[in-house]
Amino acid sequence: MQEDYLAESKGLYVRKAESLTGRKVPFIMGMDCSEVPSIEASRASVHEVAYRDFNGQEADVFQVLKQAGITDIRVRIWNDPRDIKGRTYGGGNCDCANAVYIAARCKAAGLGIIPGFHFSDFWADPAKQKVPKAWRGKSVSETEQLIYEYTRETLLAIQATGVHITAVQIGNETTGGLVGVYMKWKTSCRYLSAAARAVREVTGQVSRGGAKIAVHLTNAVYGIKWAADKFAKYHLDYDVFGVSWYPYYASHGTFANLKEEFRSIHEAYGKEAMILETAYAFTHEDLDGCGSTILEVPNELSVPEQCRAMQDIIQGMADLGDWGLGICYWGGTWISASNSMDGSKNRALCKKYGCGWATSYAHSYDKDADDGGSQVDNQAFFLPDGTPLSSLKVFSLVYAGGTT
């Protein structure tokens with residue numbers, strides 16, 4: 001099966017993205033790799049290779065990504081993703097310690113980092129912005145101070161590794177609200193402003209090499225400029241308007257619509273634009289026996305289509321000009337817990353090492369958390385045995401064109 005995926009991508013030509021040349025601002029080719037340490041721990045426990053290079057040899061995945069043209073690693077950060085007995089909620093065990101460990105790996109590989117704060121103990125999205133356990137019952141003023149302190153302390157720990165902090169994402173898919181506050185934008189902007197203040201204090205102003213501050217929303221088909229209007233009304237300090245945009249979801253709209261939304265925000269407020277999450281699967285198959293979130297989508301899924309989708313997305317963002325800051329692929333390294341289709345085995349490993357979407361221990365915090373495997377291994381750029389797909393090379397080849 002794995003040989004079939006490698007065979008179908010041979011000879012795939014990548015177009016050169018002309019609008020990437022002559023830019024005054026570097027184009028960010030990011031990837032979220034938050035779960036890598038937990039996958040490596042799971043694979044080590046069953047004496048299997050986690051990741052390989054393009055020659056099939058065991059390798060540091062961050063070095064492989066650097067070689068393939070990735071410039072920055074996005075890492076999600078949860079406050080305390082464990083229950084009262086210290087058992088992991090899963091999802092990659094994405095606390096501050098995990099972020100600092102990844103930052104050190106990024107520094108060694110010559111990659112920048114984009115910390116992404118959820119300000120929650122587990123997954124945050126438009127419909128789910130849960131208050132961290134330690135912040136429950138706090139007033140707005142107290143929460144505001146806690147956000148500032150937490151952001152500052154976490155960034156100082158990341159910065160101590162020597163890694164370059166390219167940007168900082170404050171909040172995750174905050175279309176509906178933040179930290180238990182829904183559709184109350186004055187309060188949400190107070191919280192976001194507290195985080196932004198910490199970013200400026202730790203990293204400095206952008207004009208002096210400091211990190212850019214990115215907000216993060218989704219569901220552009222319904223319009224997102226209204227959020228930029230709210231941010232302006234409440235004087236939020238930020239540089240980049242970021243979104244999640246996946247080709248599979250109707251709620252995300254067309255790419256043409258997204259570009260128009262970005263353009264209206266830029267023209268009104270001068271903000272840069274970035275796709276902070278995107279992905280495209282290479283197969284409809286479930287690769288770990290635990291199910292996947294994008295098996296029944298109508299899109300054609302293959303290694304060539306994965307590559308072409310990324311070409312189009314990169315080209316579209318580059319066409320915006322220097323204010324089209326870049327893209328960040330989501331789940332590109334999230335392979336299964338082991339090189340096996342045995343769902344029971346993989347679920348057990350995920351529960352022990354936290355390398356799946358969620359564990360049953362997460363139900364004490366989020367009763368709707370999906371227990372199981374990676375859920376997105378069919379949209380990764382690596383096969384279950386850790387071999388990289390040729391489509392991973394798209395990030396470097398768009399600069400010069402070429403054949404994978």
Side-chain angles (χ1 to χ4, degrees), residues 28-38 62 65 70-81 89 91-103 105-106 111-126 128-130 132 147-148 150-159 161 163-179 188 191-192 194-196 198-199 202-203 210-218 236 238-246 272-279 325-334 357 376:
I28 293 174
M29 300 283 195
M31 187 172 292
D32 192 308
C33 301
S34 307
E35 69 293 323
V36 161
S38 63
F62 295 102
L65 294 176
I70 296 298
T71 62
D72 294 86
I73 299 302
R74 177 175 177 261
V75 58
R76 59 182 169 272
I77 303 173
W78 296 320
N79 289 36
D80 180 20
Y89 292 165
N93 316 313
C94 298
D95 57 8
C96 175
N98 186 68
V100 171
Y101 176 72
I102 289 176
R105 298 272 296 270
C106 288
L111 294 161
I113 196 167
I114 302 174
F117 289 90
H118 285 222
F119 302 121
S120 177
D121 286 341
F122 208 37
W123 300 106
D125 58 43
K128 187 183 300 179
Q129 297 283 336
K130 291 184 176 293
I147 289 172
Y148 163 75
Y150 179 74
T151 305
R152 185 177 183 277
E153 291 168 5
T154 304
L155 288 177
L156 284 171
I158 291 171
Q159 190 179 65
T161 67
V163 72
H164 173 65
I165 304 176
T166 302
V168 178
Q169 175 191 312
I170 52 173
N172 193 77
E173 296 187 338
T174 58
T175 310
L178 184 72
V179 195
S188 291
Y191 292 165
L192 292 171
V199 176
V202 173
T203 73
K212 294 185 177 184
I213 298 173
V215 295
H216 182 209
L217 285 88
T218 190
L236 177 62
Y238 73 103
D239 309 293
V240 183
F241 197 101
V243 302
S244 294
W245 189 83
Y246 293 89
E272 294 174 304
M274 186 171 177
I275 295 179
L276 283 167
E277 288 186 23
T278 191
L325 200 60
I327 64 99
C328 195
Y329 195 92
W330 197 87
T333 53
W334 204 338
W357 191 266
V376 293

Residues 165-172, side-chain donor-acceptor partners within the protein, below 3.5 Å, at least two apart:
{"unit_1": "Thr166", "atom_1": "OG1", "unit_2": "Asp72", "atom_2": "OD2", "d": "2.4"}
{"unit_1": "Gln169", "atom_1": "OE1", "unit_2": "Arg74", "atom_2": "NE", "d": "2.9"}
{"unit_1": "Gln169", "atom_1": "OE1", "unit_2": "Arg74", "atom_2": "NH2", "d": "3.0"}
{"unit_1": "Gln169", "atom_1": "NE2", "unit_2": "Gly171", "atom_2": "O", "d": "3.0"}
{"unit_1": "Gln169", "atom_1": "NE2", "unit_2": "Asn172", "atom_2": "OD1", "d": "3.0"}
{"unit_1": "Gln169", "atom_1": "NE2", "unit_2": "His216", "atom_2": "ND1", "d": "3.2"}
{"unit_1": "Asn172", "atom_1": "OD1", "unit_2": "Arg74", "atom_2": "NH2", "d": "3.2"}
{"unit_1": "Asn172", "atom_1": "OD1", "unit_2": "His118", "atom_2": "NE2", "d": "3.4"}
{"unit_1": "Asn172", "atom_1": "OD1", "unit_2": "His216", "atom_2": "ND1", "d": "3.3"}
{"unit_1": "Asn172", "atom_1": "ND2", "unit_2": "Ala124", "atom_2": "O", "d": "2.8"}

By side chain to side chain contact (heavy atoms under 4.5 Å, CB included), which residues pair with [X], not counting sequence neighbours?
X: Ala273; value: Phe262, Met317, Leu320, Trp323
X: Ala103; value: Ile113, Ile158, Thr161, Val163
X: Thr218; value: Pro126, Glu173, Thr175, Ser244, His252
X: Asp80; value: Arg82, Asp121, Lys133

Looking only at atom types and distance, does a side-chain atom of [X] sit under 3.5 Å from a main-chain N or O of [Y], one as donor and one as acceptor?
X: Arg76; Y: Gly91; value: yes
X: Asn93; Y: Ser38; value: no
X: Trp330; Y: Tyr246; value: no

Residues in salt bridge (Lys or Arg N to Asp or Glu O under 4.0 Å) contact with Lys130, at least two apart in sequence or another chain: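 If we apply the salt bridge (Lys or Arg N to Asp or Glu O under 4.0 Å) test to Lys130, skipping adjacent residues, there are no hits.
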Partners passing ring-ring contact (aromatic ring centres under 6.0 Å, His included) against [X] (at least two apart in sequence or in another chain):
X: Tyr329; answer: Phe381
X: Phe122; answer: Trp78, Tyr89
X: Trp245; answer: Phe255

Closest heavy-atom contact between [X] and [Y]?
X: Ala211; Y: Thr203; answer: N-OG1, 3.1 Å
X: Trp123; Y: Lys128; answer: O-CD, 3.8 Å
X: Leu325; Y: Lys212; answer: CD1-NZ, 3.6 Å
X: Val215; Y: Leu276; answer: O-CD1, 3.7 Å
X: Gln129; Y: Thr174; answer: NE2-CA, 4.1 Å

Close side-chain approach of Tyr150 and Ile77, heavy atoms under 4.5 Å: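 SC-SC contact between Tyr150 and Ile77 confirmed.
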Side chain to side chain, Val75 and Cys94, heavy atoms closer than 4.5 Å: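 Side-chain contact under 4.5 Å: no.
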To the closest 0.5 Å, what do you measure between [atom1] ([X]) and [atom2] ([Y])?
X: Cys33; Y: Ile73; atom1: SG; atom2: CD1; answer: 4.0 Å
X: Cys328; Y: Asp32; atom1: SG; atom2: CG; answer: 6.0 Å
X: Glu153; Y: Tyr148; atom1: CD; atom2: OH; answer: 9.5 Å
X: Phe62; Y: Met31; atom1: CZ; atom2: CE; answer: 11.0 Å
X: Thr71; Y: Ile327; atom1: OG1; atom2: CD1; answer: 8.5 Å
X: His164; Y: Ile114; atom1: NE2; atom2: CD1; answer: 9.0 Å

Chi angles and distances behind the side chain to side chain contact (heavy atoms under 4.5 Å, CB included) call for Phe117, Leu155: CA-CA 10 Å; Phe117 289 90; Leu155 288 177; 4.0 Å; yes
Partners passing side chain to side chain donor-acceptor pair (under 3.5 Å) against [X] (at least two apart in sequence or in another chain):
X: Ser120; value: Tyr365
X: Ser188; value: none
X: Asn79; value: none

